[in-house]
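Written below as structure tokens is the structure these notes are about.
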Amino acid sequence: MAVPAQRSASEIKPSSFLQQPQEKAMRALVWHGKEDIRCDTVTDPEIEHPRDAIIKVTSCAICGSDLHLFHNFIPAMKPGDIMGHEMMGEVVETGSEMNGSLKKGDRIVVPFTINCGDCDQCKRGNFSVCERTNRNKEMADKAFGHTTAGLFGYTHLTGGYPGGQAEYLRVPFADKTHIKVPDSLTDEQVLFLGDIFPTGWQAAAQCDIEPTDTVVVWGCGPVGQMTIRSAVLLGAKQVVAIDCIPERLSMAEAGGAITINFEHESVVERLNELTDGKGPEKCIDAVGLESHVSMGQPDTLLDRAKQVVMLESDRPHVLREMIYVCRPGGIISIPGVYGGLVDKIPMGPAMNKSLTFRMGQTHVRRWTDDLLRRIEEGQIDPSFVITHTVGLEEGPEMYKVFRDKKDSCIKVVLKP
């Protein structure tokens with residue numbers, strides 16, 4: 001049998017697998033199901049459209065509304081979805097249609113609401129209901145009646161866009177969906193321009209606060225804290241904060257609020273005392289669908305039971321209480337996220353008291369130029385709310401710490 005001639009090393013071609021370029025990979029916090037967030041290795045994002053940009057994420061955060069996804073209260077999450085909608089970083093790549101708005105090296109905060117800037121709603125400043133950015137428009141049309149904007153890291157009802165709790169992020173419509181920030185400010189000072197600061201500001205601004213007003217904020221989490229300080233900046237006579245977590249109440253008091261611990265005193269009686277029996281003019285729900293379940297609040301027990309047997313998706317105790325205590329002719333503002341169906345809402349009292357309801361996801365870019373100016377001028381430093389800063393790999397554990405309010409946790413910043 002003939003023996004094949006030996007070839008020199010220079011003649012030997014590398015095997016085909018060595019010729020293939022290695023797939024780029026990054027770390028990200030990934031949803032795998034109820035209460036199951038993992039730090040996984042996933043494929044790097046790429047430019048998919050000329051209006052896209054890619055950023056290297058330098059800071060991101062866990063938001064209270066991320067917990068709604070963690071608990072699987074918001075529909076249309078899928079295993080493998082990347083979490084996070086509060087992030088910032090450095091532009092590392094841009095599409096061909098930036099028209100000078102963004103370039104490599106720019107430092108930007110990314111609003112959680114994706115906006116095209118060109119549709120009728122964007123032209124009116126209603127960026128959270130942009131008509132073009134939800135790539136699952138048909139699904140949203142069926143669920144909501146009409147689509148809302150695409151959101152980062154927030155279910156397939158809002159586009160199924162990968163979130164920013166990752167090393168890199170693709171920003172669609174990046175020529176409009178960005179906030180440029182100066183190098184003179186730290187990440188911690190500007191990160192929250194992407195969500196909780198403008199969310200708190202919008203919650204207060206849509207109350208049309210007057211110098212004689214009592215403004216009451218239910219919930220002293222991160223959004224509640226920003227709402228309190230926004231109401232103070234907007235000139236409210238007095239701001240009242242309601243919660244049951246001592247650390248949150250202490251932070252609210254430091255921001256200028258009168259505090260009520262609902263586990264130790266009657267909210268109704270205390271608010272009547274503070275308003276000469278007339279009730280507050282402006283009431284703000286910074287809690288949303290997961291109202292605290294308490295033996296002292298029987299309706300919360302009923303709501304939790306209904307959730308278990310799928311007769312109700314949300315726990316609206318705060319909405320009921322606000323309607324009851326609000327002064328006739330007052331305004332109810334709802335920045336807290338609701339996901340589906342609520343029960344036993346007292347519409348009769350709300351209608352007969354001539355209450356005005358204002359609510360919605362935040363129109364982030366409507367507010368951020370003004371808010372950035374206020375940060376630069378020293379009127380407010382949003383970093384006050386940060387209690388924990390950890391690496392991205394610690395994110396899954398920090399979701400549980402944040403949920404359980406352990407270690408005096410109020411706001412978590414992640415460093416990819």
Side-chain angles (χ1 to χ4, degrees), residues 53 55-61 63 85-92 94 98 100-115 117 122 125 127-128 152 164 169 171 174-207 209 211 215 217 222-236 239 251-252 254-257 286 335 362-387 389 410-416:
I55 69 164
K56 177 179 174 59
V57 178
T58 55
S59 296
C60 53
C63 185
H85 56 268
E86 202 164 30
M87 56 271 169
M88 65 175 294
E90 180 183 339
V91 176
V92 294
T94 62
M98 289 298 108
S101 61
L102 271 186
K103 65 182 185 302
K104 185 176 179 180
D106 281 345
R107 186 165 171 253
I108 64 171
V109 174
V110 182
F112 78 93
T113 49
I114 304 168
N115 56 276
C122 283
F127 299 114
S128 75
F152 288 101
L169 174 74
V171 183
D175 56 320
K176 300 295 183 180
T177 304
H178 73 266
I179 306 159
K180 285 186 183 178
V181 292
D183 290 337
S184 59
L185 298 174
T186 66
D187 277 19
E188 288 72 17
Q189 287 175 291
V190 296
L191 172 61
F192 304 132
L193 284 170
D195 183 0
I196 61 170
F197 189 14
T199 295
W201 186 267
Q202 177 173 297
Q206 65 192 6
C207 284
I209 293 172
V215 178
V217 180
V223 167
Q225 299 292 341
M226 296 297 172
T227 304
I228 290 162
R229 284 154 178 80
S230 297
V232 170
L233 284 171
L234 288 168
V239 179
M251 185 177 282
T362 310
H363 307 304
V364 176
R365 287 296 287 122
R366 182 191 292 183
W367 313 107
T368 49
D369 288 347
D370 178 46
L371 298 183
L372 179 58
R373 175 186 62 81
R374 291 175 184 270
I375 294 171
E376 290 183 298
E377 291 178 356
Q379 293 184 35
I380 185 171
D381 181 351
S383 66
F384 76 88
V385 79
I386 300 170
T387 54
T389 301
I410 295 178
K411 187 66 175 179
V412 180
V413 171
L414 306 171
K415 295 289 189 178

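All values derive from a computational prediction rather than experimental measurement.
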Measure the CG-OG1 distance between Leu193 and Thr199 for me, rounded to the nearest 0.5 Å. 11.0 Å
From Met87 CE over to Leu169 CG, what is the distance, rounded to the nearest 0.5 angstrom? 5.0 Å
Quick one: does any side-chain atom of Glu90 pair with a main-chain N or O of Thr58 as donor and acceptor, under 3.5 Å? no
Nearest-0.5 Å distance, CD1 of residue Ile179 to OG1 of residue Thr177: 9.5 Å
Are any of the side-chain heavy atoms of Leu185 and Leu372 separated by less than 4.5 Å? yes
Apply side-chain contact (heavy atoms from CB on, under 4.5 Å) to Asp106 and His178, showing your working. CA-CA 10 Å; Asp106 281 345; His178 73 266; over 6 Å; no
Check whether any side-chain heavy atom of Val385 sits under 4.5 Å from a side-chain heavy atom of Ile196, and report yes or no. yes
Pro222 and Lys411 have their tightest heavy-atom pair at CG-CD, 3.7 Å
On a heavy-atom basis, which atom in Gly255 and which in Val232 lie closest, and how many Å separate them? O-CG2, 3.7 Å
When you check the side-chain N and O atoms of Asn115 and Thr113, is any donor under 3.5 Å from an acceptor? no
Would you call Phe192 and Ile386 a side-chain contact if the rule is heavy atoms closer than 4.5 Å? yes
Hey, what do you get for CG (Leu371) to CE (Met226), rounding to the nearest 0.5 Å? 10.5 Å
If you look at every heavy atom in Arg107 and Pro182, which pair is closest and at what distance? NH1-O, 2.6 Å
Nearest heavy-atom neighbours spanning Gly194 and Val364: O-CG2, 3.9 Å
Give a yes or no answer on whether the side chain of Lys103 reaches the backbone of Met98 with a donor-acceptor pair at less than 3.5 Å. no
Ile228 and side chain to side chain contact (heavy atoms under 4.5 Å, CB included): which partner among Leu233, Val215, Val239? Val239
Would you please name every residue forming a ring-ring contact (aromatic ring centres under 6.0 Å, His included) with Phe112, sequence neighbours left out? His85
Is atom NZ of Lys415 surrounded by more than 12 heavy atoms (other residues, nucleotides or ligands) closer than 6.0 Å? yes
Regarding Arg374 and the six-membered ring of Phe197, is the cationic atom NZ or CZ under 6.0 Å from the ring centre and inside 45° of its axis? no
For Phe127 and Lys176: C-alpha separation, side-chain torsions, deciding distance, then whether side-chain contact (heavy atoms from CB on, under 4.5 Å) applies. CA-CA 10 Å; Phe127 299 114; Lys176 300 295 183 180; over 6 Å; no
Nearest 0.5 angstrom please: Ser184 OG to Gln189 CD, how far? 8.0 Å
Taking every non-hydrogen atom, the tightest pair across Val413 and Ser59: CG1-CB, 4.4 Å
Validation row: Ile114, Phe152 side chains within 4.5 angstrom (heavy atoms): yes
Return the OG1 to CG distance between Thr186 and Asp183, rounded to the nearest 0.5 Å. 11.5 Å
Please name the pair of heavy atoms, one in Val223 and one in Ala286, separated by the smallest distance, quoted to 0.1 Å. CG1-CB, 4.3 Å
